[in-house]
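Because only heavy atoms are used, hydrogens play no part in the values below, and waters and symmetry mates are left out as well, while side chains stay in. Residue numbers start at 1 and run along the sequence shown.
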Amino acid sequence: MKGLFIRTYGCQMNVYDSERIRDVLRPLGYAPVDAPESADLVVVNTCHIREKATEKVYSELGQLKRMKEASGGRMTIAVAGCVAQAEGEELIRRQPAVDLVLGPQAYHKLPEMIARASRAIGDRLETEFDTVEKFDALPKTRDADGPAAFVSVQEGCDKFCTFCVVPYTRGAEMSRRVDDIVLETRSLASQGVREITLLGQNVNAFHGPAPAIEGGEDWTLGQLCRHLAKIGGIERIRYTTSHPRDMNDDLIAAHGDTPALMPFLHLPVQSGSDRILKAMNRGHTAGQYRDIIARVRHARPGIAIASDFIVGFPGESDADFEATMQLVRDIGYAIAYSFKYSSRPGTPAAEMHGHVSEAVKDERLQTLQALLRLQQTEFNAAQIGKTLPVLVTGKGRNAGQMHGRSPYLQAVHFDGPESLNGQIVDVRIVGASLNSLTAELLQVREGAL
Ligand code: 5AD
Ligand code: SF4
């Protein structure tokens with residue numbers, strides 16, 4: 001727990017605002033304390049109404065500055081309310097001990113601002129957010145127990161989508177060193193791993209330092225993929241999950257010039273409505289997303305596109321939802337995950353107006369999922385008649401049957417010997433359903449049997 005001290009000046013409105021500030025900070029682990037000296041965060045909630053109010057605030061800030069110094073700089077000082085609104089950045093110029101200034105319209109940004117400020121002094125928030133909840137569950141790197149393995153390359157997130165707890169629970173965005181990733185990948189390859197999936201909450205924000213011999217500069221995810229593709233035994237590379245804002249030109253180019261990079265891109269868009277995307281703080285429009293997908297498809301024709309969607313975000317109208325449906329029709333997804341918006345206390349969206357009823361959320365989810373299922377079934381059916389390389393990952397349900405995965409991450413079942421396990425074999429696709437493909441074994445690459 002961290003100590004929170006709020007000094008409230010002025011009217012009843014400010015008292016109410018202070019309560020809201022206290023409420024949005026509780027999930028970040030802040031509990032009220034009686035005196036500023038014992039606080040990790042002091043919020044001065046100001047009022048402009050009376051003469052000299054501003055001077056009074058500056059004199060209080062002077063005292064807080066001395067307490068902050070006594071705390072070794074660990075105290076965070078925030079100024080809220082009308083004086084903050086009126087003075088803005090001038091407050092920080094006149095009193096550099098102030099860390100944050102927020103006007104009355106910005107309370108919903110407070111969790112993000114506090115999280116950023118506490119990271120800046122190298123602190124980690126002990127949040128009350130449930131860290132094992134479903135949206136936050138990523139598989140961990142582990143010993144190879146099959147021909148496909150995960151390699152963690154990046155952690156944390158700085159995007160602060162207004163519905164999401166990850167930036168608070170997982171902390172600041174950071175990348176692993178390329179050397180370490182290469183060592184782990186080599187070790188996996190020596191254990192028979194053929195396919196690696198590079199993992200990160202925001203994996204395409206990857207910017208890990210390259211090996212000294214390669215110049216030591218930060219590399220993009222595209223550069224990392226090209227490098228890992230050279231490791232003997234590694235035939236397939238995937239990465240998940242990405243943010244549209246980090247879909248840079250080099251990574252898009254890598255999809256065209258690196259055959260080991262599998263033709264599958266999970267690029268969540270969440271909504272097709274610009275108004276909702278803005279309220280979600282996604283930092284991109286639907287048009288920009290469409291443009292990225294067009295460029296990716298140009299670099300790698302036939303690439304499978306996947307996404308995540310949230311329906312019923314606060315304020316989502318029928319027209320906003322229709323914009324999402326239209327985006328789905330236009331893009332055409334191979335697979336997608338969709339969720340009803342669920343309010344996470346302490347996140348900015350939880351404080352927003354216009355929460356959508358469960359009944360409407362249910363209806364929209366069903367409508368969206370029906371379309372997504374149709375597209376998934378069509379995408380799978382389009383593979384019938386094609387010859388695809390399949391990485392064999394184990395025995396199938398029936399005797400004599402094996403299963404594996406296609407380049408597009410589809411599950412594939414076919415009759416074949418167990419000795420194929422861990423190999424990449426060519427199969428002809430003969431059947432398709434919503435969740436899998438059936439195939440006939442065509443040829444076994446040399447040495448596989
Ligand atoms: N409500 C609903 N869906 C959410 N997701 C994340 N947070 C929420 C929330 N509060 C979804 C997003 C994200 C996926 C991992 O989980 O679609 O991309
Ligand atoms: Fe959460 Fe992903 Fe947004 Fe980061 S980019 S805040 S992890 S939804």
Test item: [X] side-chain N/O and [Y] main-chain N/O as donor-acceptor pair under 3.5 Å:
X      : Y      : value
Arg282 : His243 : no
Ser175 : His207 : yes
Ser307 : Val269 : yes
Lys361 : Tyr341 : yes
Gln383 : Ser406 : no
Asp274 : Thr285 : no
Asp158 : Ala172 : no
Thr438 : Gly431 : yes

Fill in: side-chain hydrogen bond (donor to acceptor under 3.5 Å, both in side chains) between Asp250 and Gln223, worked out
CA-CA 8 Å; Asp250 183 57; Gln223 287 169 294; 5.5 Å; no
Discussion item. Does Asp362 form a salt bridge (charged side-chain N to carboxylate O under 4.0 Å, His left out) with Lys340? I'd like the steps, not just the answer.
Written reply: CA-CA 7 Å; Asp362 277 331; Lys340 287 188 282 185; 2.8 Å; yes
Neighbour count above 12 (heavy atom, 6.0 Å) for [X] [atom1]:
X      : atom1 : value
Arg245 : CZ    : yes
Met174 : CE    : no
Glu69  : CD    : yes
Lys386 : NZ    : yes

State the [atom1]-[atom2] distance between [X] and [Y], to the nearest 0.5 angstrom.
X      : Y      : atom1 : atom2 : answer
Cys225 : Ile237 : SG    : CD1   : 5.5 Å
Leu371 : Gln376 : CG    : CD    : 11.5 Å
Ile293 : Leu267 : CD1   : CG    : 5.0 Å
His284 : Asp246 : NE2   : CG    : 10.5 Å

Worksheet entry | Ring centroid separation Phe206 to Tyr239 under 6.0 Å | no
Worksheet entry | Ring center gap for Phe163 and His355 short of 6.0 angstrom | no
Worksheet item: Have Thr393 and His403 got a donor and an acceptor in their side chains that come within less than 3.5 Å?
Response: yes
Do the non-hydrogen side-chain atoms of [X] and [Y] ever get within less than 4.5 Å of each other?
X      : Y      : answer
Thr324 : Val311 : no
Leu100 : Val79  : no
Asp23  : Glu351 : no
Pro211 : Trp219 : yes
Asp179 : Leu183 : no

Item to complete: Determine, step by step, whether Thr377 and Asn380 satisfy the side-chain hydrogen bond (donor to acceptor under 3.5 Å, both in side chains) criterion, reporting the C-alpha distance in whole Å, the side-chain angles of both residues, the deciding distance to 0.1 Å, and the verdict.
Response: CA-CA 5 Å; Thr377 308; Asn380 289 349; over 6 Å; no
